[in-house]
*Asks:* 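One structure coming up, written as structure tokens, with questions to follow.
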Amino acid sequence: MLVAEFEKRLSSFTLSVSIRAEGAIAIAGPSGCGKSVTLKCIAGIMKPDSGYIEYNGHVLFDSEKHVDLPPQKRRIGYLFQNYALFPDMTVRENILAGLGWEKDRMRREEELMSAVSLLHLEHVMDSKPHELSGGEAQRTALARMIVNRPDLMLFDEPFSALDVFLREEIKAEFMEIMEGLGGDYVLVTHSMDEAYSLSSSLLIMDHGAVIRQGRTEDVFSDPESVRAARITGYRNIEKAWSDGKHLHVPSWGMTCEYSGKDAIGAAVMAGDLHVSEEGYPARIVRKIDTPDAVFLEIIIEGGTSPLWMRLPSGTELPDPLKVGLREDALKALIVD
């Protein structure tokens, strides 16, 4: 379990972090919101101004008790965004650099070959970083990290240096490797696809603060705030109000049953709107075809603001069009 409550003054804002999570943890949010600084504070590369960081009962930082373990004593592995491989060293030498603490030559070789076998690097052992593919470079950096047998692994935008065609392949490899290693990890990303597919717990950050955290599926299905809804990919967001029994979205011409707290807004995913004979009458404002999907900008009868809906490519559109919502698709936004 990772528990972190700390603050760090930065040039444009004060980073205020509150984390309580375990397993595969993703920290997602726009560029410049404090994700990487959060990771560096956990690793001990940067020092918070105040607060507390603990992992599995082991205190790493406590400003009140003057505890601040150096990075090498935190048993945390950190994979930098650009992998930070030594350019003049071979793959073998780069991995062995992570074993500087181990003086027994036989033990060093055993640890080396275990990591090489796990990450399928046998064929590039004598290659230098400039001779590696993006995936090979990433696996080399990961091997250098895991030979230290860290308790917790931290990844700062591990796929950002890869081209779009290689990224999906490497993500699949990453998931397989992490399952093989076991243990917890924290992944920093600005990609909601990566956050959704590679984590079990998710924290959404914006402008130096954690604005939503929980199980990944729960965060995506109920972002709670306008800011979190925008960051997690809700394309349709509008003002709304509740009367204790219903959620009303006047500009969309929609009303649904709702018994929660006072709402200030509503959100719905484009993919949660569908063609339905029992749905709301709507007119199409714009239609965009892509190889995988059809995007429609629509206005529901009685509404004034457009909605985007996403349909499978090749979907036949009836005339007149009626639009339905999947069950519980309309999300109330209660905080901002």
Side-chain angles (χ1 to χ4, degrees), residues 1-6 15-39 41-42 53 55 152-160 171 174-175 178-179 184-240 242 247 249 256 258-273 308 310 325-336:
M1 171 72 74
L2 174 64
V3 179
E5 300 274 350
F6 64 83
L15 177 66
S16 180
V17 171
S18 177
I19 301 172
R20 188 176 184 85
E22 60 185 338
I25 306 163
I27 303 176
S31 297
C33 71
K35 303 186 302 294
S36 293
V37 175
T38 298
L39 218 59
C41 286
I42 295 170
I53 303 173
Y55 179 67
L152 176 67
M153 293 173 283
L154 309 179
F155 300 95
D156 190 359
E157 299 276 8
F159 310 107
S160 63
K171 277 169 56 180
F174 178 88
M175 291 178 67
M178 289 300 101
E179 288 175 2
D184 297 344
Y185 66 82
V186 183
L187 167 77
V188 156
T189 181
H190 65 271
S191 165
M192 290 302 112
D193 287 340
E194 289 176 12
Y196 188 81
S197 61
L198 299 176
S199 72
S200 56
S201 297
L202 175 60
L203 290 85
I204 302 295
M205 290 188 67
D206 189 29
H207 202 67
V210 177
I211 60 173
R212 177 77 167 95
Q213 67 175 298
R215 291 178 60 251
T216 299
E217 291 183 359
D218 293 342
V219 173
F220 273 92
S221 65
D222 188 7
E224 293 187 353
S225 74
V226 172
R227 285 188 295 164
R230 292 193 191 283
I231 292 169
T232 50
Y234 281 78
R235 195 162 186 175
N236 303 309
I237 301 173
E238 268 296 334
K239 292 180 179 179
S242 58
L247 179 67
V249 195
C256 70
Y258 174 70
S259 58
K261 299 177 183 178
D262 290 343
I264 65 167
V268 62
M269 284 281 193
D272 284 335
L273 293 163
W308 282 96
R310 183 185 190 276
L325 280 79
R326 302 193 194 285
E327 187 176 357
D328 297 325
L330 193 63
K331 305 299 180 182
L333 306 178
I334 59 175
V335 292
D336 196 11

*Asks:* Once you round to the nearest 0.5 Å, how far does CE of M192 lie from OG of S197?
*Replies:* 11.0 Å
*Asks:* With rounding to the nearest 0.5 angstrom, report the CE to OG distance, M269 to S221.
*Replies:*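 Answer rounded to 0.5 Å: 9.5 Å.
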*Asks:* Could you tell me whether R20 atom CZ has more than 12 heavy atoms of other residues or ligands within 6.0 Å of it?
*Replies:*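 No, because the 6.0 Å sphere around CZ of R20 holds 12 heavy atoms or fewer from other groups.
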*Asks:* Just verifying a value: how many Å separate D156 CG and L39 CG, rounded to the nearest 0.5 Å?
*Replies:* 5.5 Å
*Asks:* So, for A332 and D222, which heavy atoms are closest and what is the spacing to 0.1 Å?
*Replies:* O-OD1, 4.2 Å
*Asks:* So, for S201 and E22, which heavy atoms are closest and what is the spacing to 0.1 Å?
*Replies:*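 Result for this residue pair: OG-O, 3.3 Å.
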*Asks:* Once rounded to the nearest 0.5 Å, what's the spacing between atom CD1 of I42 and atom CD1 of I27?
*Replies:* 5.0 Å
*Asks:* For a 4.5 angstrom cut-off between non-hydrogen side-chain atoms, does F6 reach L15?
*Replies:* yes
*Asks:* Are S199 and L187 close enough that some pair of their side-chain heavy atoms sits under 4.5 Å apart?
*Replies:*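 They are not in side-chain contact.
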*Asks:* Just by distance, do the side chain of K331 and the backbone of P223 share a donor-acceptor pair under 3.5 Å?
*Replies:* no
*Asks:* side-chain contact (heavy atoms from CB on, under 4.5 Å) for F155 and M178? Distances and angles first, verdict last.
*Replies:* CA-CA 12 Å; F155 300 95; M178 289 300 101; 3.9 Å; yes
*Asks:* Looking only at heavy atoms, what is the nearest atom pair of I231 and M205, with distance?
*Replies:* CD1-O, 3.8 Å
*Asks:* Are the side chains of E157 and T189 in touch, meaning some heavy atoms are under 4.5 Å apart?
*Replies:*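 In short, these two side chains touch, coming nearer than 4.5 Å.
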*Asks:* Does a side-chain heavy-atom distance below 4.5 Å link Y234 with L333?
*Replies:* no
*Asks:* Side-chain contact test, heavy atoms from C-beta onward, threshold under 4.5 Å: evaluate it for L273 versus N236 and give yes or no.
*Replies:* yes
*Asks:* So, for D184 and G23, which heavy atoms are closest and what is the spacing to 0.1 Å?
*Replies:* OD1-N, 3.2 Å
*Asks:* Just wondering, do F220 and L202 contact through their side chains at under 4.5 Å, heavy atoms?
*Replies:*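 In contact.
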*Asks:* Kindly indicate, with the supporting measurements, whether the criterion side-chain contact (heavy atoms from CB on, under 4.5 Å) is fulfilled by R235 and R310.
*Replies:* CA-CA 11 Å; R235 195 162 186 175; R310 183 185 190 276; over 6 Å; no
*Asks:* Atom CD1 in I334, atom CG in D262: separation rounded to 0.5 Å?
*Replies:* 9.5 Å
*Asks:* Ignoring hydrogens and geometry, is there a side-chain-to-backbone donor-acceptor pair from S200 to A24 under 3.5 Å?
*Replies:*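 Present.
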*Asks:* Write down the atom of I25, the atom of L203, and the distance for their closest heavy-atom approach.
*Replies:*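 Answer, listing the atom of I25 first, then L203: CG2-CD1, 3.5 Å.
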*Asks:* Contact between T232 and I204 at the side-chain level, heavy atoms closer than 4.5 Å - yes or no?
*Replies:* yes
*Asks:* Please report the shortest heavy-atom distance between A263 and S242, naming the atom on each side.
*Replies:*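 Result for this residue pair: N-OG, 3.3 Å.
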*Asks:* Check the surroundings of atom CG in D218: do more than 12 heavy atoms from other residues, nucleotides or ligands lie under 6.0 Å from it?
*Replies:*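 Yes - once you tally the heavy atoms of other residues, nucleotides and ligands closer than 6.0 Å, there are more than 12.
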*Asks:* Below 4.5 Å, heavy atoms only, C-beta onward: do T38 and V210 meet side chain to side chain?
*Replies:* no
